[in-house]
Amino acid sequence: MTYLLHECLQKSAERAPDTVAVVDGERSLTYAELDGLTNRLANLLVERGVRKGDRVGLYIRKSLEAVVGVYGILKAGCAYVPLDPEAPVERLAYIIGNCGIEHVVTGADRNEAWSELAARSPGLRSFIVLDAADPLPTAPTSVDVLTAAAVEQQAGDRPRVTVIDRDLGIILYTSGSTGQPKGVMLSHENVMNFVCWAVQEFEVGESDRLSQIAPLHFDLSTFDIYGAALAGASVHLAPRQATMFPMQMRRFLEEHEITVMYAVPSVLTMLVERAKLEVGSLPALRTILFAGEVFPSKFLSRIMRVLPDVEFANLYGPTETNVCTYYRVTEPPSEEDPPISIGAAIDNLETFVVGPDGSVLPPGEVGELYVRGASVMLGYWGDPERTARTRVPNPFVEGLDDPVYRTGDLVREEPDGNYTFLGRRDNQIKSRGYRIELGDIEAAIYRHPDVVECAVVAIPDEQITNRLKAFIATETDLGLHELVSSLSQHLPKYMIPGEFEFRSALPKTTTGKIDRQALTQSAIQENQ
Amino acid sequence: MTLSSQIRNFIIEDLQFPGSPDTLTDDYPLLEREILDSMGIFQMVSFLEGEFGIEIDDEDLLPENFETIEAIARLVDTKRGG
């Protein structure tokens with residue numbers, strides 16, 4: 001049995017030391033090299049004083065070094081916390097303060113932000129720069145900056161730290177409804193429950209070449225990284241801009257002869273619409289997995305027709321449980337069909353549909369999807385109240401410590417046992433696979449002193465699920481440019497609305513609340 | 001107005017350039033700094049096609065054609081010339 005995330009790497013390093021583990025463009029590392037480097041990083045972290053359970057930041061663009069960072073942190077008995085390299089410093093400083101990060105593994109190209117991060121984060125003690133051997137001139141003085149040279153000096157044997165599968169492995173921060181992100185705590189067990197299932201279900205083996213497309217702060221990345229390592233396969237990091245340039249994505253898939261690809265539907269839509277694929281393209285590719293948002297039948301059908309030999313599966317689940325249900329798509333749907341099913345529970349998880357009165361609903365009725373089992377997160381970091389609202393005791397069993405997760409997603413079980421996804425219970429939406437709480441954006445807009453009222457609405461969009469539009473009421477002549485500049489201090493780019501409309505006041509419902517429905521309707525009509 | 005300044009204005013006005021407009025020079029790294037993201041690229045393409053009467057093929061959708069205002073202007077020039 002493989003219980004721990006870094007055991008996936010260690011076992012492959014013992015079994016097949018010279019097999020390629022990770023490929024980043026022209027550079028690559030074998031399992032033995034990756035295992036050795038990550039031992040050294042772990043030993044450096046231990047020497048720096050980390051203790052088991054500490055949170056270590058990972059502030060680095062996707063690269064070989066980022067993968068070294070992931071495993072090095074885990075081997076030191078710590079949890080890694082991906083810090084989105086593109087997010088504003090203020091948001092990152094919040095995360096660093098929120099979960100008490102003292103050490104950050106980083107890349108030299110992030111150095112512009114170090115000083116500000118250090119100034120905003122009094123608890124920070126070290127930056128470990130994996131891709132620089134020499135001291136950096138721009139380094140802040142309040143925090144120790146260590147380079148790859150310090151990693152090299154460490155011993156290459158495994159640090160003696162006991163880790164079991166209940167231990168915290170990753171914290172992934174996602175959009176929260178109150179204006180601050182919330183940290184989803186995942187144990188080794190949580191992630192391994194999914195990874196082991198996925199490797200078995202999709203028969204990932206040593207000869208496979210997995211793509212790594214999603215950012216590390218996205219739970220999709222866990223399949224690529226740990227799935228490849230568990231199977232002894234290789235993982236290939238997609239160029240950063242491949243998700244924007246379909247021809248570049250195609251080139252990446254071709255050159256690396258990717259066999260298993262896991263991506264959000266909007267990436268696949270771009271690939272089928274703008275990369276000149278034809279039957280016979282991408283001959284190495286055998287499996288496409290998608291997750292993160294609804295895949296419109298039109299584009300799913302097109303990609304399945306142009307890649308007829310590829311198997312397709314829809315994976316569904318929030319970050320809090322990772323993938324909890326899946327559906328194998330065997331035939332291309334009709335272009336007009338409703339979105340395909342999210343399927344049924346993966347191995348070793350139980351799912352059920354619960355009505356407003358708390359009772360389990362029979363097939364055919366609409367209710368909230370609950371998930372039970374080893375994938376259910378440990379909770380939200382430092383927020384037991386919020387945890388208690390969604391990670392609740394199993395209502396159907398008494399006297400057992402058996403948490404279930406309320407997904408907030410509304411589903412219906414069909415006669416064939418598969419679920420249909422019908423929407424959300426709250427204001428959370430998806431755009432390009434990102435999960436976004438509209439309240440989080442509104443809170444950031446309200447931080448500008450001139451804003452009197454605001455509402456952010458989601459406009460359904462065929463290609464990216466939703467587009468965002470903000471309605472703002474202000475009594476000053478607040479300009480778009482000033483507002484956007486202020487927002488980009490607080491929010492990552494994907495959360496900044498693409499459209500803004502300024503009004504003197506926003507419409508209200510009879511109860512005096514901002515009439516979001518009316519605003520959504522007006523935004524949709526305007527776009528037609 | 002020059003080609004570059006038309007593109008520059010589009011980035012400031014329609015793509016909501018977050019920094020001070022003075023910093024948006026012709027060699028400003030638009031992709032590196034994520035001024036153009038996956039949505040922005042398509043907005044840019046429809047702007048270029050509408051404004052300059054050119055057609056941008058899927059093969060032209062490559063990072064090297066969009067990394068700076070200069071590169072975009074060069075792409076437009078090539079398309080107009082060809």
Side-chain angles (χ1 to χ4, degrees), chain A residues 61 84-88 109 112 213 215 239-252 264 266-267 269-277 431-434 461 463-468 470 479-500, chain B residues 5-25 27-50 54-72 74-76 78-79 82:
Chain A
R61 281 200 172 139
D84 178 3
E86 316 302 341
D109 68 347
E112 277 178 30
I213 297 168
R240 195 161 59 89
Q241 282 140 2
T243 55
M244 296 166 57
F245 295 102
M247 290 300 284
Q248 197 186 19
M249 180 65 84
R250 177 180 170 171
R251 220 192 278 159
F252 160 74
V264 294
S266 45
V267 166
T269 295
M270 294 224 310
L271 188 67
V272 71
E273 290 295 284
R274 309 209 62 146
K276 298 237 184 289
L277 292 184
S431 179
R432 276 171 282 167
Y434 284 103
D461 180 283
Q463 302 217 0
I464 61 162
T465 315
N466 283 292
R467 285 181 297 122
L468 301 170
L480 176 62
H481 189 75
E482 186 190 332
L483 182 61
V484 172
S485 300
S486 133
L487 277 183
S488 58
Q489 310 289 311
H490 311 307
L491 297 178
K493 175 108 178 150
Y494 67 84
M495 288 176 69
I496 297 179
E499 285 174 70
F500 288 84
Chain B
S5 51
Q6 277 171 281
I7 298 168
R8 185 167 173 273
N9 282 356
F10 176 77
I11 296 172
I12 294 170
E13 300 294 328
D14 294 74
L15 298 183
Q16 302 160 357
F17 182 66
S20 153
D22 307 338
T23 59
L24 184 59
T25 50
D27 60 353
Y28 187 94
L30 300 172
L31 298 174
E32 180 69 21
R33 301 284 173 89
E34 296 227 323
I35 301 307
L36 283 179
D37 60 2
S38 48
M39 279 299 282
I41 284 288
F42 290 103
Q43 285 171 265
M44 176 62 79
V45 168
S46 13
F47 164 74
L48 298 175
E49 292 185 336
I54 54 172
E55 199 171 320
I56 294 179
D57 307 322
D58 294 342
E59 287 91 340
D60 300 321
L61 275 180
L62 288 169
E64 49 266 37
N65 289 329
F66 290 88
E67 55 198 1
T68 58
I69 291 178
E70 205 180 341
I72 299 171
R74 205 161 44 227
L75 173 69
V76 174
T78 315
K79 290 280 146 188

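Lettering of chains follows the sequences in order, A, B, ..., and the numbering in each one begins at 1.
For Pro492(A), no part lies near chain B; criterion is any non-hydrogen pair under 4.5 Å. Within the 4.5 angstrom heavy-atom criterion, only side-chain atoms of Ile496(A), from C-beta onward, approach chain B.
Across all non-hydrogen atoms, the minimal contact from Phe245(A) to Ile41(B) is CZ-CD1, 3.5 Å.
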Between chain B and chain A, donor-acceptor distances below 3.5 angstrom:
from     : atom 1 : to        : atom 2 : distance (Å)
Gln16(B) : NE2    : Gly498(A) : O      : 3.2
Phe17(B) : O      : His481(A) : ND1    : 3.2
Pro18(B) : O      : Ser485(A) : OG     : 2.8
Gly19(B) : O      : His481(A) : NE2    : 2.9
Glu32(B) : O      : Arg61(A)  : NH2    : 3.3
Glu32(B) : OE1    : Arg240(A) : NH2    : 3.3
Glu32(B) : OE2    : Arg61(A)  : NH1    : 2.8
Ile35(B) : O      : Lys493(A) : NZ     : 3.4
Ser38(B) : OG     : Arg432(A) : NH1    : 3.2
Asp58(B) : OD1    : Arg274(A) : NE     : 3.2
Asp58(B) : OD1    : Arg274(A) : NH2    : 3.4

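Residues Ile464(A) and Phe42(B) have side chains not in contact (no heavy-atom distance under 4.5 Å, counting atoms from C-beta outward).
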